**Student:** 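Please see the structure below; I have some questions.
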Amino acid sequence: MNWNSWQEFLHMGGYALYVWGSFGVTAVLIAGEIWLLRSHRQKALTLARLTVKYGRVKEDESTT
Amino acid sequence: MTSRFNLYKYSSPATFYALAGKMIPWFYGAAALLGAVGLYISFFLAPTDFQQSEAYRIIFIHVPASWMSMFIYVVMAGWAAFGLAFNTRLSFMMASALAPTGAMLTFVSLWTGALWGKPTWGAWWVWDARLTSELILFFLYLGFMALQAAIDDPRRADRAGALIALVGVVNVPIIYFSVRWWNTLHQGASVSMTKAPSMATIMLEGMMVMALAVWMYAIAASLSRVRSIILERERNTQWVAQLLETEV
Amino acid sequence: MNAAQTVFILLRRELMLAMRRRGDVLTVLFFFVIVASLFPLGVGPDPKLLRLMGGGVVWVAALLAAMLSLGRMFAGDYADGTLEQLVLTPTPPVVWITGKILAHWLVSGVPLILMAPVLGVQFGLSGDALAVLVFSLLLGTPVLSLIGAIGAALTLGLRGGGVLVSLLVLPLYIPVLIFGAGAVDGAMSELGSEAHLSLLGGILILAFMLTPWAVSAALRISIE
Amino acid sequence: MNAAQTVFILLRRELMLAMRRRGDVLTVLFFFVIVASLFPLGVGPDPKLLRLMGGGVVWVAALLAAMLSLGRMFAGDYADGTLEQLVLTPTPPVVWITGKILAHWLVSGVPLILMAPVLGVQFGLSGDALAVLVFSLLLGTPVLSLIGAIGAALTLGLRGGGVLVSLLVLPLYIPVLIFGAGAVDGAMSELGSEAHLSLLGGILILAFMLTPWAVSAALRISIE
Amino acid sequence: MLEGKDLACVRGERALFSHLNFTLHGGELLLVQGANGSGKTSLLRMVCGLLAPEFGEILWQGEKIAAVRESYHAGMAYFGHAPAVKEDLSAFENLDFSCRLAGIPVDHEEVKGALGHLGLGHCLNLPAKSLSQGQRRRVALSRLLLVKARLWILDEPLTALDQAALQLVQSLIGEHLRRGGMALLTTHQPVMIPGITPKILDLSA
Amino acid sequence: MLEGKDLACVRGERALFSHLNFTLHGGELLLVQGANGSGKTSLLRMVCGLLAPEFGEILWQGEKIAAVRESYHAGMAYFGHAPAVKEDLSAFENLDFSCRLAGIPVDHEEVKGALGHLGLGHCLNLPAKSLSQGQRRRVALSRLLLVKARLWILDEPLTALDQAALQLVQSLIGEHLRRGGMALLTTHQPVMIPGITPKILDLSA
Ligand code: HEM
Ligand SMILES: Nc1ncnc2c1ncn2[C@@H]1O[C@H](COP(=O)(O)OP(=O)(O)OP(=O)(O)O)[C@@H](O)[C@H]1O
Ligand SMILES: Nc1ncnc2c1ncn2[C@@H]1O[C@H](COP(=O)(O)OP(=O)(O)OP(=O)(O)O)[C@@H](O)[C@H]1O
Ligand SMILES: [Mg+2]
Ligand SMILES: [Mg+2]
């Protein structure tokens, strides 16, 4: 075990900005992508539902 | 588009949509599991580096992201080539689905590299071959996505994108060989970790586990994206209508 | 209808169009980034050399990006007839021309300003120099849009317009470049950059007052 | 009718068109000169710095000029329907595509090569370096036309095409830039430039053999 | 009243017409005819004020059009070769913005009504780029319903329209004239508007 | 013989037509009709080989057009929306180059004759940019006289033409058919060619 305390862990030997900056931004990006994927799927589903209901629907119609 | 090729049947979007739906949770699960193990290794098992202190821990995210960023581009170009050769819609959709994830990982590589560079090299960025080629890779992804976004007709978007992806992949090794004509700060700085063999092993293991995690994540994300793309493109078909009745 | 209202409606329309074609906006931005990145590739990776060049390179890239984006200012409206219709509205041309230039700056200039610090970091500029870079761009990019509008208006409908516009406009951009890049250099060499920045500000005010009239005249000529 | 004849007729037509629009050709040339001259303005007048930058800057300017001139390669023919007619001739597309690329190089590339020594002198390049600069451009500019043709073909008819093409094409130009500018640097630092030049030659041969096919595919896609 | 006095037009090197006179009162239709290249488009642009005449003058209510620019433009609608339809905006947005920019406040219902009248009711919200050539021209023509101009200047409004649209546009012009409006028109197709005998201005002569 | 079998066309998101069949023999005229946006242009481009059909196939003398590309293109002339006239070349140079590029050796007299026939004799050497819309289309149509194709594919050849040119083009088509040629035509105007009853293909149906 490398760390004696939480402070030490968070401090990362003085490199907190760099280490947490890397891991943090990566986490945010991945979370963001997952969120985008979900909203993409929702949009695609509504679009498909509208299409099934009303026949041909343009993408723009479902979003506006 | 007659089925002169047997594979065509298996690459039907309808079949694939269902298959992908079943596989996605598994890949997300694997990614989460491997990620947890990898992070544990990164922060708790891997010891403090003799020279770089804790900063080196960035390696556990930097290297997997870098690897995957290049790998995904090649896979994307592969799908594009397949699509152009056999005119399978699904291949084009796979290529489009991979691009955003690839671009995201390329950005992660650039970002973590920059954050690593500041403490080790004293600069956020240097114009060294490795770094530059990664930046160009980022532009190649963006070019692919921008081209597809600029074209309204999906058919043309698919094929134009595929063509530029293929041309771009030719560029990747060329850029890569340019390493020889450049002074490369990048490799020189990463020597310290091969000091003690035991340390190298645990670090290598950590890197591998994290790389696997990123790989699984990339598969899950692109499968999930391709499902949405399939839905958008195929929403006029019978199978989507049936699917919506039964599924929701 | 008063002038502010027209400008507002036009602005809304232009921003809506830009949103519909987000790709175009992003592409100008990435052009900026790519051009700035070409230099180190051509010149070599020596950090000291690059730091010296940094401000100048970012400014040159901004100039070129602004210039490339000029094509969008009137060409679309000209080709599809919207420009004729605008000329035929009762509103004085200077009013809606100001609106169009403003919209162009919001869509093409502002993203460059936001991206510039990242490029500055890549060239190893100091914190001070970065701040001055951003501020100089804030004063300078509107001038680029204003002056560029004249070139864009004059080259409407001419083939090879894209290249021609650069020939007309780049020489006029040079003062902006000199003071903009000079300000960044000043910040790095501790010579101070107030003089350069206030000159830029002066140019901006002058350009804002004069160019819409010139553009209005240029459009009349091109539309005949 | 055989391939050589078609290429010849096409070449005559393209050159005649270029003569009628001399302005366009000159404009690309002036763009090249202006971009190269912006740098000393942005970076400052230190001769040592300029000599170091010289080769790289001239190459970057050549890249940008070549890129800007891409708009002319197919866009005119696309807009007025000539491209459709070419596709509908019995001649295989690769033949006339090669002709068009060749014409583009003659009109846009060759003038750059002729002008480059003048710019090189302004940056204080030595005689040796100048010779290598010209030779590297001689090998490199055809590659720019060849690769650029793919981008030009893919972005036909897309709005914002001018900027989009730069995003597609500039990353692909980078190897040419690296070896071209590298050759000039090599000549200045007495490291020799054979390696760079022969690599450029290799790229040229490869590009010449492959790109017409890619362009042909791209045009099919865009014309639909 | 619109008047053209002793107009002459030179395009490039060629003199297209000279000593051209016309007057147009409320309720009248002036049909500009002539072979290809005889200068119809040039004349119409001249009347709009987009092109300065080489000689002669154009008067609106007895005053030179340049002198009364604002009120002239407020009372005029021009429909040129290019339809002034933005591809990225929907038919609705196109019409809405173009009215507002012309200084005419319109509400949603009016816009929808005008588009519906031209047979675009089912594609109000489609971006114009997914409309065919003829449909885009209909979007452009729908402006005429809303701007309430007294003077319509229409350059080949009938090209690229199918039979149904053709009838519709002609009846629109008819109504406009009956309400006391004036119209200046070019076309290569026969124009038939019940109850109206157009004045003819032949440029080939 | 030209044959379309079970053709389907999808543009963007919309299916324009499907299960479309037609045959065209020597001496026959096929008139493609339909409202704006019904897919006439798309069909013509498909027949040329510029657009791949979503489904079905097009046969020329019994063979798929893609398989006999060279001979098919050698025997075909296409006249599209865009007239393929270079603004910077004169009418003469335009016609001369376009024939040579199509692989047809022509001499000066032939070119002049063709342009004269279309009423452009007096502006042979003017750059096309100083021609009017209709005159440019005449330049483009003059190609038909020289290329000696059996199959003419003409997309709205009559728009923007004045009465004289209209008659001329119709008589050209008539002669072509009488010589055993075939023609595929779209137009929104009535077509009257003495002695020929066109086959009609209605896309709105
Ligand atoms: C923005 C800056 C950076 C970028 C774009 C970048 C990019 C890359 C890429 C593309 C790879 C994979 C290459 C391969 O496996 O062959 C890689 C690997 C690696 N990077 Fe970076 N890097 C950056 C900064 C750094 C820094 C600052 C360090 C350490 C001081 C570093 C250390 C490593 C190590 C150790 C590897 C894996 C082992 C190797 O192949 O050498 N990188 N990087
Ligand atoms: N900008 C210009 N520069 C030079 N000549 C021009 C210009 N615009 C038009 N012309 C010439 O003026 C003449 C008349 O053009 P115009 O477009 O007014 O004709 P038109 O009667 O509308 O013809 P069409 O029936 O073909 O539309 C033509 O010969 C044309 O070539
Ligand atoms: N490249 C394209 N991408 C998407 N949709 C297209 C494309 N080209 C045409 N369309 C659409 O296909 C439909 C048919 O177009 P087409 O040009 O074939 O019609 P048309 O019958 O020739 O009409 P018109 O009489 O107006 O010329 C239109 O709705 C059009 O918007
Ligand atoms: Mg006209
Ligand atoms: Mg059509």
Side-chain angles (χ1 to χ4, degrees), chain C residues 21 23-31 33-35 37-44 46 49 52-61 63-65 67-69 71-72 75-76 79 108 158-171 173-175 177-178 180-182 184-185 189, chain D residues 21 23-31 33-35 37-44 46 49 52-65 67-72 75-76 79 108 158-168 170-171 173-175 177-178 180-182 184-185:
Chain C
R21 308 226 123 229
D24 290 7
V25 180
L26 289 177
T27 316
V28 171
L29 192 60
F30 284 110
F31 176 81
V33 177
I34 292 182
V35 171
S37 322
L38 284 181
F39 278 91
L41 294 172
V43 170
D46 176 15
L49 186 63
L52 282 175
M53 292 172 49
V57 168
V58 172
W59 255 101
V60 170
L63 230 67
L64 293 175
M67 191 206 76
L68 265 197
S69 69
R72 281 211 316 269
S108 317
L158 305 182
R159 259 170 326 151
V163 191
L164 189 58
V165 82
S166 67
L167 187 55
L168 292 177
V169 155
L170 281 182
Y173 279 0
I174 285 177
L177 171 66
I178 290 179
V184 181
D185 275 358
S189 63
Chain D
R21 308 222 123 231
D24 289 8
V25 180
L26 291 179
T27 318
V28 172
L29 195 60
F30 282 116
F31 178 81
V33 175
I34 291 181
V35 170
S37 326
L38 285 180
F39 276 89
L41 293 175
V43 170
D46 175 16
L49 189 61
L52 280 175
M53 291 169 48
V57 168
V58 173
W59 256 102
V60 170
L63 228 69
L64 293 175
M67 191 207 77
L68 267 196
S69 69
L70 288 180
R72 282 212 316 272
S108 318
L158 304 182
R159 262 172 322 152
V163 191
L164 187 59
V165 83
S166 68
L167 185 52
L168 294 179
L170 283 180
Y173 278 180
I174 285 175
L177 171 65
I178 290 178
V184 182
D185 275 359

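On a predicted model such as this, the values are computed, not experimentally measured, just so you know. Note on naming: letters A, B, ... go to the chains in the order of the sequence lines (proteins, then strands), and numbering restarts at 1 for each one.
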**Student:** If you take all heavy atoms of C:G42 and D:A181, which pair is closest and at what distance?
**Tutor:** O-CB, 3.2 Å
**Student:** Do the non-hydrogen side-chain atoms of C:L52 and D:M53 ever get within less than 4.5 Å of each other?
**Tutor:** no
**Student:** For residues C:S37 and C:P40, report the shortest heavy-atom separation together with the two atoms involved.
**Tutor:** O-CD, 3.2 Å
**Student:** Is chain D contacted by the side chain of C:V60, its backbone, both, or neither, given a heavy-atom distance below 4.5 Å?
**Tutor:** side chain
**Student:** Between C:L170 and D:F30, does the side-chain contact (heavy atoms from CB on, under 4.5 Å) criterion hold? Intermediate values first, please.
**Tutor:** CA-CA 10 Å; C:L170 281 182; D:F30 282 116; over 6 Å; no
**Student:** If you count heavy-atom pairs within less than 4.5 Å of chain D, which of C:V43, C:V184, C:V35, C:I178 leads?
**Tutor:** C:V43
**Student:** Look at C:W59, C:Y173, C:F39 and state which one has the largest set of heavy-atom pairs under 4.5 Å with chain D.
**Tutor:** C:F39
**Student:** What's the separation between atom CZ in C:R72 and atom OG1 in C:T27, rounded to the nearest 0.5 Å?
**Tutor:** 8.5 Å
**Student:** For chain D, find which of C:I174, C:V57, C:L26, C:L63 contributes the most heavy-atom pairs closer than 4.5 angstrom.
**Tutor:** C:I174
**Student:** Under 4.5 Å from any heavy atom of chain D, what part of C:L64 do you find: side chain, backbone, both or neither?
**Tutor:** side chain
**Student:** How far apart are the C-alpha atoms of C:L167 and D:I34, what are their side-chain angles, what is the distance that settles it, and do they pass the side-chain contact (heavy atoms from CB on, under 4.5 Å) test?
**Tutor:** CA-CA 8 Å; C:L167 187 55; D:I34 291 181; 3.9 Å; yes
**Student:** Heavy-atom distance under 4.5 Å to chain D: side chain of C:L38, backbone, both or neither?
**Tutor:** both
**Student:** Side chain, backbone, both or neither: which part of C:V58 has a non-hydrogen atom closer than 4.5 Å to chain D?
**Tutor:** neither
